[in-house]
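Below is one structure, written out as structure tokens; comments come after it.
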Amino acid sequence: MSMIGCALDDRCLRASEHEPLGEFFSYPQPMPRDHFIPATYMAGLSNDTNSERRNRKLWTMRRERAEPFEAQAGSIGRVKDLYSLMSDTDSRTVDDTWTAYEGKLARAIGALEDRSAPLDANIWLRTLVPFVASLFVRGRDFAERYRSRVPDGLLPRITDDAVNNTRLFELQRLLAPVTAARWVVLHHDSRSHPFIGNELGLAGCVDPYTRERGWVFPLSSNLVLMIYPKTVRKVLAVRHGKWVACIEHHAYIPEQTERMNLTIAQASQEFIYGPSKDSVWPFRQVLNRPPTPLQITMQGWPFASKALVAHEFDWHRLAGIATKGLSSEVNEINLQELDFKALSSGWCPRINFPASLPEFRSGLSFDNGYISLELGPRPFPGCLPEAPASMPSTVTYEPRRVVLPRHVDAVQSPRRIR
């Protein structure tokens, strides 16, 4: 019996003649490397055309390093064992939640960029909305932000598992606000004015016309997404018998890219990245100054916790409606139903049901070919007055032609809604 790098005594040798070594020794498993920002998302800013997106080259500049350096997208924005749950039978539940939409993210961003066709509701709800919502909870900054909200006396009880499980709780409650937010896509065609990104995947911004506060997400070197929280918004429309997302598209002046990049660099806590050395080098002085505080960048959702609880399943209801779609056989949509069969056919995070709260009325409504989502307060169901016996449970809508956003024209509305 040969022995390499191991001093086995006689007892070990005798045992090994009758027992597999695997039962006698415990070999540690390598720690997973978890990306707190998707590699495929960062790769969108690369000039590299490698078909394997995680291998595309980016230029990165860190706060503690004076010089930019080139690296593959898959080798940055990751740390060892960030999401593993020690007390869960499935230790990779949290990371699996991100992984489940990341495989479709590049194609979904491509569909979002295409101004020639409306964005399919399922692509939006099952890939893009989860991606945006997850950026607020998957970063390694989340643990610091979460613990800062906990009283000092309870801090010793806040384990890594508690932090990681809270990521999924907050994700569940952010899906509806992200869905209800105003989505604006800005395009420009100049390769000489590329956008950059940071390790948060986002930065705070203000709409110069409406003065609304929101966030910017650089999707490629000439494409950014901006979202602005709304209490109520039309989120889906019917076009040619299909549900489509209501998205705004605007042209962006390339010369203004530097101002956008400055905001993104100021929000960075660790590093920025871009398609070339020249794209990140102008912001070296910004990285030598204190960054925008995380609380300002990440905690701008203007909703009370009661409203988030009341609407935490509205994304699930909307995803179920979009999944079932519309056809000549489907002439009814239910705005209150949680259709688990429909939800299981696409991305859906682990659902955390409250045991002591009733089911609140959804914030979804339908009118003239649109589904709107309203995130206002909901009265406790036990306080609602009895509905009159004469009140119909189903309202009938006849097919009609209505005015829709620019990219939507003909609408065939469902005949019945309840």
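- The six-membered or imidazole ring of F195 lies near that of Y252, with a centre-to-centre distance under 6.0 Å.
- With a 4.5 Å cut-off on side-chain heavy atoms, P218 and V224 count as touching.
- Counting heavy atoms from C-beta outward, P229 and F303 have side chains that approach closer than 4.5 Å.
- Using bins of under 30°, 30° to 60° and over 60° for the plane-to-plane angle, the ring pair F136/W215 lands in the perpendicular bin.
- At a threshold of 4.0 Å, the pair R145-E170 does not count as salt-bridged, since none of the basic side-chain nitrogens sits closer than that to a carboxylate oxygen.
- For H188 (side chain) and H193 (main-chain N/O), a donor-acceptor pair under 3.5 Å exists by modelled atom type.
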Give the intermediate values and the outcome of side chain to side chain contact (heavy atoms under 4.5 Å, CB included) for residues F340 and L338. CA-CA 6 Å; F340 296 105; L338 281 170; 4.1 Å; yes
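- Shown here for R63 and A265, the closest heavy-atom pair between the two residues is NH2-O, 3.8 Å.
- Listed for the Q269 side chain is a donor-acceptor partner under 3.5 Å among the backbone atoms of T292.
- Enclosure of atom CD1 in I351 by more than 12 non-hydrogen atoms of other residues, nucleotides or ligands within 6.0 angstrom is indicated.
- Annotation: N288, atom CG; neighbour count of heavy atoms from other residues, nucleotides and ligands within 6.0 Å is above 12.
- In terms of modelled atom types and a separation under 3.5 Å, the side chain of R107 and the main chain of K104 share no donor-acceptor contact.
- By the 6.0 Å contact criterion, CD on E258 is open, its count of non-hydrogen atoms from other residues, nucleotides or ligands being 12 or less.
- Rounded to the nearest 0.5 Å, atoms NZ (K57) and OG (S75) are 9.0 Å apart.
- For S116, the side-chain hydrogen bond (donor to acceptor under 3.5 Å, both in side chains) partners are D114, not counting sequence neighbours.
- One finds the CG atom of L223 at 8.0 Å from the CD1 atom of I109 (value rounded to the nearest 0.5 Å).
- For the residue pair R350/N165, the side-chain donor-acceptor check at 3.5 Å is satisfied.
- Between V216 and M260, the shortest heavy-atom distance links the atoms CG2-SD, 3.6 Å.
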Walk me through it: do R149 and Y146 pass the test side chain to side chain contact (heavy atoms under 4.5 Å, CB included)? CA-CA 6 Å; R149 307 200 306 252; Y146 176 56; 3.8 Å; yes
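- Between K230 and E212, at least one side-chain nitrogen of the basic residue sits less than 4.0 Å from a carboxylate oxygen of the acidic one, meeting the salt-bridge criterion.
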For the pair N198 and F283, evaluate side chain to side chain contact (heavy atoms under 4.5 Å, CB included) and give the outcome as yes or no after the intermediate values. CA-CA 12 Å; N198 63 29; F283 304 100; over 6 Å; no
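- Between the N261 side chain and the P194 main chain, a donor and an acceptor come within less than 3.5 Å of each other.
- A side-chain donor-acceptor contact under 3.5 Å links T323 and R126.
- We find the CD-CD distance between E144 and Q295 to be 7.0 Å, quoted to the nearest 0.5 Å.
- Looking only at distances, no side-chain donor or acceptor of E337 sits under 3.5 Å from a matching main-chain atom of D339.
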Set out, in order, the CA-CA distance, both residues' side-chain angles and the distance that settles side chain to side chain contact (heavy atoms under 4.5 Å, CB included) for T127 and L105, then state yes or no. CA-CA 6 Å; T127 304; L105 184 57; 4.2 Å; yes
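- A ring pair (Phe, Tyr, Trp, His ring centres under 6.0 Å) with W124 is found for exactly one of W243, W183, W347, namely W183.
- Between F271 and F36, the ring planes lie tilted relative to each other; the angle falls in the 30° to 60° range.
- Proximity of a side-chain donor or acceptor of D95 to a complementary backbone N or O of D81 within less than 3.5 Å is not detected.
- Of all non-hydrogen atoms in F366 and L335, the two that sit nearest each other are N-CD1, 3.9 Å.
- More than 12 heavy atoms of other shown residues, nucleotides or ligands fall within 6.0 angstrom of atom CZ in F69.
- The nearest pair of heavy atoms linking P118 to R239 is CD-NH1, 3.0 Å.
- Residues D189 and N222 come closest through the heavy atom pair CA-ND2, 4.5 Å.
- Looking at heavy atoms from C-beta onward, L168 lies in side-chain contact with T93 at the 4.5 angstrom threshold.
- Contact check for Y83 versus D96: no side-chain heavy atoms found under the 4.5 Å cut-off.
- Of the candidates R233, R182, R115, E248 forms a salt bridge (charged side-chain N to carboxylate O under 4.0 Å, His left out) with just one, namely R182.
- Here the shortest heavy-atom pairing between C348 and H316 reads SG-CD2, 4.0 Å.
- Side chains of R56 and Q72 form no contact here, defined as non-hydrogen atoms less than 4.5 Å apart.
- Between atom CG of residue L287 and atom CD of residue E270 there is a gap of 11.5 Å, rounded to the nearest 0.5 Å.
- Counting heavy atoms from C-beta on, the side chains of L225 and L128 never come closer than 4.5 Å.
- Note that the CZ atom of R213 and the CZ atom of R211 stand 12.0 Å from one another [nearest 0.5 Å].
- R138 contributes no side-chain N or O that, together with a main-chain N or O of A133, makes up a donor-acceptor pair within less than 3.5 Å.
- A heavy-atom distance below 4.5 Å is not found between the side chains of T60 and M42.
- One distance of note links CD of E199 with CZ of R140; it measures 8.0 Å at 0.5 Å rounding.
- Side-chain polar atoms of S84 and R92 form a donor-acceptor pair below 3.5 angstrom.
- In this structure, T297 contributes its side chain and L294 its backbone to no donor-acceptor pair below 3.5 Å.
- Using a 4.0 Å cut-off between charged side-chain N and carboxylate O, D160 and R147 make a salt bridge.
- Ring centroids of F353 and F313 are separated by less than 6.0 Å, placing the two rings close together.
- Side-chain atoms of V129 and L175, non-hydrogen and from C-beta on, do get closer than 4.5 Å to each other.
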